[in-house]
Protein chains: 2
Amino acid sequence: MATKSKDLATPAMPTEAAQAQRFEKARSAQSTALLEDYVELISDLLASSGEARPTDVARRLGVAHATAIKTIARLKREGLATSRPYRGVFLTEAGKALADRVRLRHRLVVDLLMAVGVPADSAEVDAEGIEHHVSDAALAAFRDFLAQRG
Amino acid sequence: MATKSKDLATPAMPTEAAQAQRFEKARSAQSTALLEDYVELISDLLASSGEARPTDVARRLGVAHATAIKTIARLKREGLATSRPYRGVFLTEAGKALADRVRLRHRLVVDLLMAVGVPADSAEVDAEGIEHHVSDAALAAFRDFLAQRG
DNA sequence: ACCAAAATGTAGCACAGGCTACAAATTGGA
DNA sequence: TCCAATTTGTAGCCTGTGCTACATTTTGGT
Ligand SMILES: [Mn+2]
Ligand SMILES: [Mn+2]
Ligand SMILES: [Mn+2]
Ligand SMILES: [Mn+2]
């Protein structure tokens with residue numbers, strides 16, 4: 001045995017810098033997770049019923065309507081949405097683009113989970129949180145994996 | 001075609017209640033994610049160097065030491081850790097148990113990601129966020145999947 | 001033994017995202 | 001038409017998690 005390792009079952013800790021960078025990335029993903037869920041949901045509501053009312057958004061997210069309105073205000077601040085009083089919420093081009101990316105990613109994550117044997121209902125629940133932490137590299141790997149086992 | 005569906009590529013939206021429950025679960029997972037990362041890290045530091053100083057914890061997490069100290073205070077409030085000034089942080093039995101569960105889950109997620117083709121470095125980064133949203137059902141599926149392809 | 005550097009702790013700020021309570025506008029049914 | 005129910009918006013509170021600045025304690029090298 002060439003390398004001197006204390007315990008094969010216990011991998012060495014990463015360097016401080018590397019570990020800090022991983023945590024920082026997870027924190028940043030978490031900070032955009034909510035916006036992603038909102039635009040995906042708004043896009044779905046627009047597609048399925050032609051409008052996305054703050055009250056509907058709130059009900060679907062399971063939060064108070066005041067909470068939804070505040071977050072929608074943040075979407076507007078960040079250039080992802082617009083809204084007209086009593087006419088609902090709409091997505092900007094940037095918002096639409098984000099919604100499309102997020103929806104694809106969401107589906108791919110659900111498919112991958114089911115492909116490795118996760119029950120459908122668990123897959124749906126877990127994907128809602130997991131999706132926000134899946135990198136493009138992982139997404140690409142998921143696609144390849146799913147393609148190869150048709 | 002028996003069912004009348006508008007678009008096969010666009011699955012119907014879940015019911016309001018089901019969707020709200022999913023989002024609620026994701027929110028709750030997110031609220032414990034930070035605690036999980038702290039106890040796992042503290043456990044690693046204790047195992048590898050015998051002590052876990054707030055400054056080390058902060059450096060590894062990439063946050064200011066004041067931030068780490070505050071979160072450690074929350075760990076203590078929640079019965080996961082204790083600390084003696086200038087002697088570092090220690091885990092309670094509950095904290096140790098949580099750390100062990102979290103470490104196993106973290107490794108399993110990394111292994112699963114690599115097994116489906118995600119590059120090792122991406123797997124490590126993504127797992128840091130994903131792990132907190134993986135249900136027991138999914139974990140069991142991951143284990144089975146990994147076992148079956150030895 | 002002492003003092004400077006490092007570590008630790010505290011205080012106070014900002015912002016996000018929950019909540020409830022209340023106010024105002026709109027809508028639709030009688 | 002008009003009023004009550006619904007929807008929307010606002011205000012103010014709390015908690016969590018970042019930050020910086022400053023104070024205190026401990027430690028270690030001379
Ligand atoms: Mn989601
Ligand atoms: Mn989603
Ligand atoms: Mn993590
Ligand atoms: Mn982890």
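Naming convention: chains lettered A, B, ... in sequence-line order (proteins, then strands); numbering from 1 in each chain.
- Atom NZ in A:Lys76 sits roughly 11 Å away from atom C1' in D:dT8 (whole-Å rounding).
- Counting to the nearest Å, the P atom of D:dC19 and the CZ atom of B:Arg59 are 15 Å from each other.
- Position along DNA chain D of the nearest nucleotide to A:Ile69 versus A:Arg27 favours A:Ile69 as the more 5'-ward residue.
- For the residue pair B:Lys76 / B:Ser83, a side-chain donor-acceptor distance below 3.5 Å is found, with atom types taken as modelled.
- Considering only the side chain of B:Val63, D:dG18 comes nearest among D:dG18, C:dG18, C:dG17.
- Here the P atom of nucleotide C:dT26 and the CZ atom of A:Arg87 are 11 Å apart, to the nearest Å.
- Along DNA chain C, the nucleotide nearest A:Pro85 and the nucleotide nearest A:Thr71 are compared for position; the residue whose nucleotide lies closer to the 5' end is A:Thr71.
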Report the C-alpha separation of A:His132 and A:Gln30 in whole Å, then their side-chain angles, then the decisive distance to 0.1 Å, and conclude whether the side-chain hydrogen bond (donor to acceptor under 3.5 Å, both in side chains) test is met.
CA-CA 7 Å; A:His132 309 285; A:Gln30 183 212 53; over 6 Å; no
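- When heavy atoms are screened at a 4.0 angstrom cut-off, B:Arg84 is found touching no nucleic acid atom at all.
- Rounding to whole angstrom units, CG of residue A:Asp37 and C1' of C:dG17 are separated by 13 Å.
- Nucleic acid contact for A:Thr67: base, since at least one base atom lies under 4.0 Å from a heavy atom of the residue.
- Counting to the nearest Å, the P atom of D:dT17 and the CG atom of B:Leu61 are 12 Å from each other.
- Looking at A:Lys70, its side chain comes within 3.5 Å of the base of C:dG18 through a donor and an acceptor atom.
- Distance from the side chain of B:Arg77 is smallest to D:dG16 among D:dT20, D:dG16, C:dA16.
- Regarding A:Glu24, its CD atom lies at a distance of 11 Å from the C1' atom of D:dG18, rounded to whole Å.
- The interatomic distance linking B:Ile72 (CD1) with C:dA7 (P) rounds to 14 Å, in whole Å.
- In this pair, A:His65 lays its aromatic ring flat on the base of D:dT8, centres within 5.5 Å and planes under 30 degrees apart.
- Looking at A:Ser122, its side chain never comes within 3.5 Å of a backbone N or O of A:Val118 through a donor-acceptor pair.
- Residue A:Arg53 places no side-chain N or O under 4.0 Å from the OP1 or OP2 atom of D:dT7.
- If you check C:dA16, D:dT17, C:dT8 against the side chain of B:Leu34, the one that comes closest is D:dT17.
- Nearest to the side-chain atoms of B:Pro54 among the listed nucleotides C:dT8, C:dG18, C:dC19 stands C:dT8.
- A:Asp126 places no side-chain N or O within donor-acceptor distance of the main-chain N or O of B:Val134, the cut-off being under 3.5 Å.
- Side chain A:Tyr86 to base C:dT26: no donor-acceptor pair is found below 3.5 Å.
- Atom-to-atom, CZ of B:Arg74 to P of D:dC14 comes out at 18 Å; the value is rounded to the nearest Å.
- For the pair A:Arg105 (side chain) and A:Glu131 (backbone), a donor-acceptor distance under 3.5 Å is present.
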